[in-house]
*Asks:* 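This is the structure I want to talk about, given as structure tokens.
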Amino acid sequence: MNDALQRLPQWQALAAHRDRVAPRHLRELFAEDPRRFDRFSLSAGDLLADFSKQRIDAHTVALLLDLAAARSLGDCIQRMAAGSRINVTEGRAALHIALRAETRYCVDGAEVTSGVHANLDRFLRLAEQIRAGTTTGASGRTIRQVVNLGIGGSDLGPRMATRALARFADPRIAVDYVANVDPAELGSVLARAEPAETLFILSSKSFTTVETLTNARTARAWLAARLGSERAIAAHFVAVTNNLAAAARFGIPATGCFELPEWVGGRYSMWSAIGLPLACSIGAANFRALLAGARAIDEHVLATPAERNVPVLMALIGIWNIDFLGAASLAVLPYSHALGELPDYLQQLDMESNGKRVGADGHPIGVDTAPIVWGGAGTVGQHAFHQLFYQGTRLTPIDFVVPAGRGGEAQDALVTAAFAQSAALMLGRTAEEARAELCARKIPSEEVERLTPHLVCPGNQPSTTLLFPELTPSTLGQLIALYEHKVFVQGCIWGINSFDQYGVELGKHMASSIGLAETPAPQLDSSTAGLTQALRRMRGG
Ligand code: F6P
């Protein structure tokens with residue numbers, strides 16, 4: 001399937017359409033259609049998605065929907081929900097929606113929902129016991145601190161959500177996350193931890209990840225040294241994994257293990273027991289509200305025709321920006337301090353899912369796929385990187401993620417800044433407007449001519465605004481599910497298996513073959529060999 005996608009008449013129609021509309025400015029599109037906002041904004045759950053500042057018109061959307069139909073998007077979504085083994089390379093289903101479902105889901109015809117609910121009840125029960133102060137350590141002291149040891153999907157989701165929902169947190173329980181193998185991260189947490197009151201959650205689907213196991217061994221040694229015996233380990237460690245045997249070998253009994261089903265991808269797992277540290281922070285009721293929020297979006301996706309389906313349209317417009325307008329990145333700008341780690345989370349979700357060049361069938365895809373996802377909290381980013389959006393040379397689509405909040409001077413300043421940024425980046429500033437502004441400031445005319453070019457902003461920067469009432473467990477669940485489905489839909493259109501990540505194995509494998517021994521391994525390239533030698537010298541070796 002080299003250029004099968006590009007040979008599709010629907011794809012070619014979009015390319016032809018691009019040639020017609022790409023030169024058009026959003027100013028024109030708004031000027032000619034006073035109802036543009038009504039036409040291109042729609043809701044799912046509590047989320048209002050405003051696509052009207054995207055460089056699209058009604059015909060663009062119609063052509064994108066034709067492409068979706070030609071790629072059998074409906075079947076793709078139904079097959080995912082049916083528990084089919086859509087993760088074709090690993091031979092697994094990808095059924096994270098079952099983790100937040102109340103209706104019956106099956107994998108290979110076997111019902112999984114009752115097991116999901118039993119596991120959910122079990123880890124939420126532990127979370128509530130910890131919050132109630134009824135969970136004790138080996139010495140009988142009450143557990144007051146929870147430290148999650150995990151990386152990637154076993155860290156980013158619950159870490160992002162714990163920060164996002166900090167105002168729902170129980171102040172009696174400290175919840176920390178350690179991902180990096182850099183000893184400084186674990187060290188900073190252990191420095192303020194009371195061993196007798198600390199519970200480590202060893203989160204690793206594979207239970208083979210070097211960073212997590214290294215940190216776990218360090219934590220175990222730290223505990224044993226302070227609690228006087230290895231026997232204490234069982235009382236201060238629980239595990240969330242799909243590799244129960246390895247957890248047992250580590251010393252965590254089955255009673256302390258929570259299973260992560262193999263049909264849940266790591267980066268889609270925050271709804272499972274991987275969410276245990278989050279549940280310790282916000283409690284069972286809020287965790288269930290998070291699940292219910294995500295479920296509302298699942299129901300929207302499964303029941304809503306493509307033309308009114310928010311994640312489907314978000315996905316298609318994303319493909320339009322990437323493959324037809326040539327955007328290489330997507331900036332996600334949460335206008336919320338609490339959502340400060342959302343871009344980090346979405347980086348893994350999007351880039352590890354669709355950062356691929358080969359389709360599920362093993363053939364090159366032949367078009368650009370996942371964008372580079374980046375971003376930062378508004379309004380902080382405005383004073384850092386927004387200049388490039390205004391006057392740089394790159395087309396950078398933006399998602400503004402905006403909780404309306406309850407008002408007040410600061411909150412109003414925050415949301416108006418978000419609206420102002422999306423409008424100013426869309427409108428830009430023409431030379432005439434720049435000149436008029438300079439004249440209005442009584443600047444001498446020769447200075448006006450000299451400065452005018454420096455004030456011009458081309459505008460036409462496409463953006464979507466996601467507006468919702470408040471950041472709550474429910475709206476956070478909705479927001480994350482929205483992005484999960486967007487990424488999945490894009491994978492369907494590109495023909496990608498969004499659920500494996502074979503690429504990252506290469507670096508891991510290479511790391512295990514690089515020793516820091518006196519003589520570098522013979523197979524190393526001269527740069528790597530040289531670096532290991534230089535490192536040894538720097539360490540005085
Ligand atoms: O290396 C990438 C990855 O496999 C991610 O897909 C995963 O979320 C992360 O590492 C952690 O993996 P595990 O949960 O198996 O420790």
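The first residue in the sequence is number 1, and the count goes up from there. Since the structure is predicted, the reported quantities are computational estimates derived from the model, not experimental observations. Whatever order the structure lists ligands and atoms in, that order sets their numbers, starting from 1.
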*Asks:* Classify the angle between the aromatic ring planes of Y335 and F400 as parallel (below 30°), tilted (30 to 60°) or perpendicular (above 60°).
*Replies:* tilted
*Asks:* Does an N or O from G152, backbone or side chain, lie closer than 3.5 Å to an N or O of ligand 1?
*Replies:* no
*Asks:* Considering only the protein, which heavy-atom contact is closest to atom 8 (O) of ligand 1, and what is its distance?
*Replies:* G153 N, 2.8 Å
*Asks:* With distance as the sole criterion, is a donor-acceptor pair present between the side chains of T475 and D46 under 3.5 Å?
*Replies:* no
*Asks:* Suppose we measure from atom 12 (O) of ligand 1 to each protein heavy atom; which comes out shortest, and what is that distance?
*Replies:* T209 OG1, 3.5 Å
*Asks:* Quick one about Q78 and D75 (side-chain donor to acceptor, distance below 3.5 Å, no hydrogens or angles considered), yes or no?
*Replies:* no
*Asks:* What protein heavy atom is closest to atom 15 (O) of ligand 1, reported as residue, atom name and distance in Å?
*Replies:* S206 OG, 2.6 Å
*Asks:* For a quick check under 3.5 Å, do Q478 and S474 share a side-chain donor-acceptor pair by atom type?
*Replies:* yes
*Asks:* Could you check which of I151, T241, L149, L213 puts a non-hydrogen atom nearest to atom 11 (C) of ligand 1?
*Replies:* I151
*Asks:* Quick one: do the R141 and T136 side chains pair a donor with an acceptor below 3.5 Å?
*Replies:* no
*Asks:* What about Y268 and F499, are their ring centers closer than 6.0 Å?
*Replies:* yes
*Asks:* For ligand 1, which atoms have a heavy atom of V504 less than 4.0 angstrom away?
*Replies:* 1 (O), 2 (C)
*Asks:* Is the closest heavy-atom distance from Q348 to ligand 1 below 4.0 Å?
*Replies:* yes
*Asks:* Using heavy-atom distances only, which candidate in K508, Q501, E352 approaches atom 1 (O) of ligand 1 most closely?
*Replies:* K508
